[in-house]
Asks: 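Right, I'll just put the structure down here and ask away after.
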Amino acid sequence: MSDKTVLVLGGGVGGLVASNVLKSKLGRRVNVKLVDQKKVFQFPPSYPWLMIGKRRPEQVQKDLGLLRKKDVEVFNSVVLSIDIKRSMVKTDKEDISFDYLIIALGADYAPETIPGFSEHSRHIYNLESALRFKDAIENFEEGVIAIGISRLPYKCPAAPYEVALLLDDYFRKKGVRRKINFEFFSPEGIPLAAVGQDIGRTVLEFLRSKEINIRMPMKITEVRQKELSFENGETLPFNLLFCVPPHRAPQPVVDAGLVDGSGWIPVNPKTLETKHGGVYAVGDVTVLPTPNGYMPFLPKAGVFAHGQAEVVAHNISVEIKGRGKVKEWDGQGSCFLEVGQGKSAFVKGWFLAEPKPEIEFHMPGRVWHMQKFIFEKYWMHHWF
């Protein structure tokens with residue numbers, strides 16, 4: 001066994017990639033330990049398809065225990081605390097020491113911060129919630145569906161817009177769309193602000209073309225049974241509510257003093273190292289400023305966690321081997337936006353480019369929908 005241990009907290013996209021790359025580069029020269037409270041990896045980009053019955057739960061999740069065949073130690077435990085000085089993480093089952101730490105715990109949800117949210121709102125930001133929302137729409141045939149975003153930042157920026165467009169298509173196919181009124185709300189001034197005003201206006205046109213009413217910027221303050229209240233005093237009656245829950249950093253990283261005033265972990269944008277040597281953070285748990293305050297922060301998305309994890313794992317392997325060239329993360333990321341009718345738009349960007357991010361946008365087409373399908377299949381097989 002190696003005398004170096006890399007402890008990976010979180011078995012989502014970032015944690016899965018980091019663990020794989022470390023073992024592929026170092027083999028038995030490193031002991032990789034992965035901690036996650038779930039026994040399975042779940043693939044969030046497929047949740048919108050799960051919502052409309054295009055996927056079954058078993059198609060979008062894999063047993064994390066499969067990583068053991070790659071010599072990754074998997075701990076099904078809850079992280080309770082992180083002690084940087086002692087290089088120790090306490091879980092609900094045991095204490096685990098480390099030489100290097102990769103924090104990939106993602107974002108937690110905080111529905112309790114908005115009165116009535118837990119009782120009256122639904123979402124698809126985890127598999128169980130996506131299945132409950134699927135049950136709700138299967139029995140819905142008439143009334144107002146409110147779809148929106150509660151707070152910024154939130155992960156997978158395209159998801160709520162996908163939900164609106166896919167539900168429009170879903171109810172048209174059921175033949176009941178004319179009896180349903182869609183209301184979309186968000187505290188954003190324009191959709192997907194991170195990719196620029198032009199693309200944001202294009203997404204607005206997608207919504208308007210489907211007769212989806214838009215309320216932006218609007219910030220909710222309370223959810224009552226069948227009625228939303230907004231910060232500006234307006235209210236919105238509804239029969240079914242989909243709303244992205246408020247996000248926050250997991251409590252162990254807060255308690256460890258790793259977050260800054262943003263509430264998230266600041267890292268070096270190029271190397272993802274925290275203020276502590278040998279301690280890295282990737283993905284949704286981080287906060288990264290962009291050049292010249294363009295957004296001002298990088299969006300939260302799994303594609304970023306993937307690229308960041310590859311860089312971190314590579315650089316740790318270089319340090320352990322004592323040879324090789326370190327890499328820098330270039331801020332590259334891409335995203336699909338499902339619009340219904342078997343079509344998807346596609347966005348690709350270099351978000352750390354100077355003097356501002358460089359963004360490509362491809363209008364909806366069947367080829368991009370197929371690319372998302374291929375992307376899902378790759379993910380569910382390659383990393384296991």
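These numbers were taken from a predicted model, which means no experiment stands behind them.
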Asks: Let me see the working for Asp108 and Gln251 under side-chain hydrogen bond (donor to acceptor under 3.5 Å, both in side chains), right down to the final yes or no.
Replies: CA-CA 9 Å; Asp108 282 351; Gln251 196 60 44; over 6 Å; no
Asks: What is the minimum heavy-atom distance between Thr286 and Lys300, and which atoms define it?
Replies: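 Residues Thr286 and Lys300, closest heavy atoms: O-NZ, 2.8 Å.
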Asks: Could you please spell out the steps behind the ring pair (Phe, Tyr, Trp, His ring centres under 6.0 Å) verdict for Phe242 and His123?
Replies: CA-CA 5 Å; Phe242 169 96; His123 63 84; 7.4 Å; no
Asks: Just wondering, are more than 12 heavy atoms of other shown residues or ligands nearer than 6.0 Å to NZ in Lys372?
Replies: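 For Lys372, atom NZ is crowded (more than 12 foreign heavy atoms under 6.0 Å).
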Asks: State the CH2-OG distance between Trp350 and Ser334, to the nearest 0.5 angstrom.
Replies: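 The CH2 atom of Trp350 sits 9.0 Å away from the OG atom of Ser334.
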Asks: Provide the closest heavy-atom pair for Leu34 versus Gly10 in the form atom of the first, atom of the second, distance.
Replies: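 Of all heavy-atom pairs spanning Leu34 and Gly10, the closest is CD1-O, 3.1 Å.
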Asks: Give me the atom names and distance for the closest heavy-atom approach of Val223 to Phe238.
Replies: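 Heavy atoms of Val223 and Phe238 come nearest at CG1-CZ, 4.2 Å.
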Asks: Judged by atom type as modelled, is there a donor-acceptor pair below 3.5 Å linking the side chain of Lys38 to the main-chain atoms of Leu64?
Replies: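 Answer holds: no.
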Asks: Can you classify the ring geometry of Tyr109 versus Tyr125 as parallel (below 30°), tilted (30 to 60°) or perpendicular (above 60°)?
Replies: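 Ring orientation, 0 to 90° scale: perpendicular.
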Asks: Using a 3.5 Å distance criterion without hydrogens, assess whether the side chain of Gln308 forms a donor-acceptor pair with backbone atoms of Gly283.
Replies: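 Yes: the side chain of Gln308 pairs with the backbone of Gly283.
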Asks: Dump the intermediate steps for ring pair (Phe, Tyr, Trp, His ring centres under 6.0 Å) on Trp49 and Phe43, then the final yes or no.
Replies: CA-CA 11 Å; Trp49 287 342; Phe43 191 61; 8.9 Å; no
Asks: Give me the atom names and distance for the closest heavy-atom approach of Ala104 to Gly14.
Replies: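 Heavy atoms of Ala104 and Gly14 come nearest at CB-C, 4.2 Å.
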Asks: How close do Leu258 and Pro266 get, counting heavy atoms only, and between which atoms?
Replies: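 Leu258 and Pro266 have their closest heavy atoms at O-CD, 3.3 Å.
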Asks: Atom CD of residue position Glu211 - does it have more than 12 heavy atoms of other residues, nucleotides or ligands inside 6.0 Å?
Replies: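 No, the 6.0 Å shell around CD holds no more than 12 heavy atoms from other groups.
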Asks: So, for Ile220 and Arg151, which heavy atoms are closest and what is the spacing to 0.1 Å?
Replies: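 The answer is O-NH1, 2.9 Å.
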Asks: Contact between Ser81 and Asp255 at the side-chain level, heavy atoms closer than 4.5 Å - yes or no?
Replies: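 Not touching, per the 4.5 Å side-chain cut-off.
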Asks: Quick check against the 3.5 Å criterion: does Arg68 have a side-chain atom that pairs as donor or acceptor with the backbone of Val74?
Replies: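 Pair found, side chain donor or acceptor close to backbone of Val74.
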Asks: Hey, does the Lys NZ or Arg CZ of Lys62 hover above the aromatic six-ring of Trp383, less than 6.0 Å from the centre and inside 45° of the axis?
Replies: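 Judged by the rule, Lys62 and Trp383 form no cation-pi pair.
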Asks: Let me see the working for Phe351 and Phe304 under ring pair (Phe, Tyr, Trp, His ring centres under 6.0 Å), right down to the final yes or no.
Replies: CA-CA 10 Å; Phe351 288 84; Phe304 295 138; 5.3 Å; yes
Asks: Using the ring of each side chain (for Trp, its six-membered ring), is Tyr154 parallel, tilted or perpendicular to His247, with breaks at 30° and 60°?
Replies: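 Perpendicular.
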Asks: Could you check whether atom NZ of Lys54 has more than 12 heavy atoms from other residues, nucleotides or ligands sitting under 6.0 Å from it?
Replies: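 No, NZ of Lys54 has 12 or fewer neighbouring heavy atoms, counting only those of other groups under 6.0 Å.
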Asks: Between Phe336 and Phe346, how do the two ring planes meet: parallel, tilted or perpendicular, split at 30° and 60°?
Replies: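 Correct class here is tilted.
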Asks: Test Val32 against every option in Asn20, Leu22, Leu26 by the side-chain contact (heavy atoms from CB on, under 4.5 Å) rule and name the one that passes.
Replies: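 It is Leu22; the other options fail the test.
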Asks: Are the side chain of Lys210 and the backbone N or O of Leu166 linked by a donor-acceptor pair below 3.5 Å?
Replies: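 No; zero donor-acceptor contacts below 3.5 Å.
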Asks: Run through Arg28, Lys33, Arg29 and flag the one making a side-chain contact (heavy atoms from CB on, under 4.5 Å) with Asn31.
Replies: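 That would be Lys33.
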